[in-house]
There are 2 protein chains.
Amino acid sequence: MTKFHSLNAIESHCLRLSLGLTPTQVAELTQNTETQVLAWEQGSSPMPELAQKKLFDINDNIEILVVNTCDSIESLFKKEPKRRLAFVVYPNQACYQQYNPEFLASLPLVELYAMAAWRIKQECKLVLDVDICLVPLDIESYKQYRQQEGLGESRESRAKWAKTKL
Amino acid sequence: MTKFHSLNAIESHCLRLSLGLTPTQVAELTQNTETQVLAWEQGSSPMPELAQKKLFDINDNIEILVVNTCDSIESLFKKEPKRRLAFVVYPNQACYQQYNPEFLASLPLVELYAMAAWRIKQECKLVLDVDICLVPLDIESYKQYRQQEGLGESRESRAKWAKTKL
């Protein structure tokens, strides 16, 4: 076990920014108040170990998703070389909860999923030279597409729809 | 040359967040207005290629600094194994400009340097199992330390001072 070193003010601030979160969102995720979050970042009160653990766990979850997705894209790419791929993201929390609920446990906020998608885009460009476009799910357009193509709702259908938006 | 693909709204937003910047700071860096930056992120106007290039260049500069610094720390670590190191950051733009001017060309804002320092911290933990503490330069305390130790102003003196704050 590594000794626990409490993050100082600037580190708490950087941790939040690196996850792309607002003070309100950090408060929600760590079950603290926004005032407390700002106090950590101003150095007037130390960030509790539990709050740090929560945010670092989320950061790890993002990294795991990035690594796994890039591996999948690399395999896909070997079978069917492409230079441009669509990756579905979600425009708001309600849409994320409805269509992508399996991620709610590891990445509870839609903003975290978008940040993961962004890191996937960066990594795929750098490592695979594949250009990923983040396509926010447009529910109306997606429903229409499914009707036209006679498709049920699934991750695969969403991916197919997103491809039409490239 | 890769074909230029303009970033869409959500991608512009993620790019800014991944650099830890506010809309005002992006406006300043890309010589646009805050209103324009918000328009890119709302999808009401496309992000110009020049603005994208500017932000991606900064992102690259951060990555280069992270890689180079982690390499230096790895060499240092081989000579003198340590589990905990101090890394000087700067509390505001004036202090950054005065003490760290050689980075102004590649990372014009103090917030970008802090974000680079944060990524260095993360990378060193992950790859070298070295715990880096970001220590904001306290000018008064640093001056006092230099007087006591009879040291001139230099990167090395700042590093020595920061070590006393661990």
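Proteins come first, then strands; the chains are lettered A, B, ... in the order of their sequence lines, and each starts at number 1. If you're wondering where the values come from, they're calculated on a predicted model, not measured in any experiment.
Asn8(B) contributes atom CG, which lies 6.5 Å from atom CG of Leu134(A) (distance to the nearest 0.5 angstrom). Put simply, CD1 on Ile10(B) and SG on Cys133(A) are 10.5 Å apart, with the number rounded to the nearest 0.5 Å. Note that CD of Glu111(B) is 9.5 Å distant from SG of Cys14(A), once rounded to the nearest 0.5 Å.
Contact annotation for Leu15(B): both backbone and side-chain heavy atoms come within less than 4.5 Å of a heavy atom of chain A. Using a 4.5 Å cut-off between heavy atoms, Leu126(A) does not touch chain B at all.
Closest of all the heavy-atom pairs between Glu11(B) and Ile132(A) is OE2-O, 3.8 Å. Summarising the geometry of Phe56(B) relative to Gln122(A), their closest heavy-atom pair is CE2-OE1, 3.7 Å, with the distance given to 0.1 Å.
Hydrophobic clustering places Leu104(A) together with Leu137(A) (ILVMFWY residues linked when any side-chain heavy atoms are closer than 4.5 Å, directly or through intermediates).
Ranked by heavy-atom pairs shorter than 4.5 Å toward chain A, the options Arg16(B), Arg84(B), His13(B) are led by Arg84(B). Options Ser18(A), Ala9(A), Pro136(A) differ in how many heavy-atom pairs under 4.5 Å they form with chain B, and the most are formed by Ser18(A).
Every residue two or more places apart in sequence or in another chain that forms a ring-ring contact (aromatic ring centres under 6.0 Å, His included) with Phe103(B) is listed here: Tyr113(B).
Crowding of Lys54(A) atom NZ: a count of heavy atoms from other residues, nucleotides or ligands under 6.0 Å not exceeding 12. No more than 12 heavy-atom neighbours from other residues, nucleotides or ligands sit within 6.0 angstrom of CD on Gln147(A).
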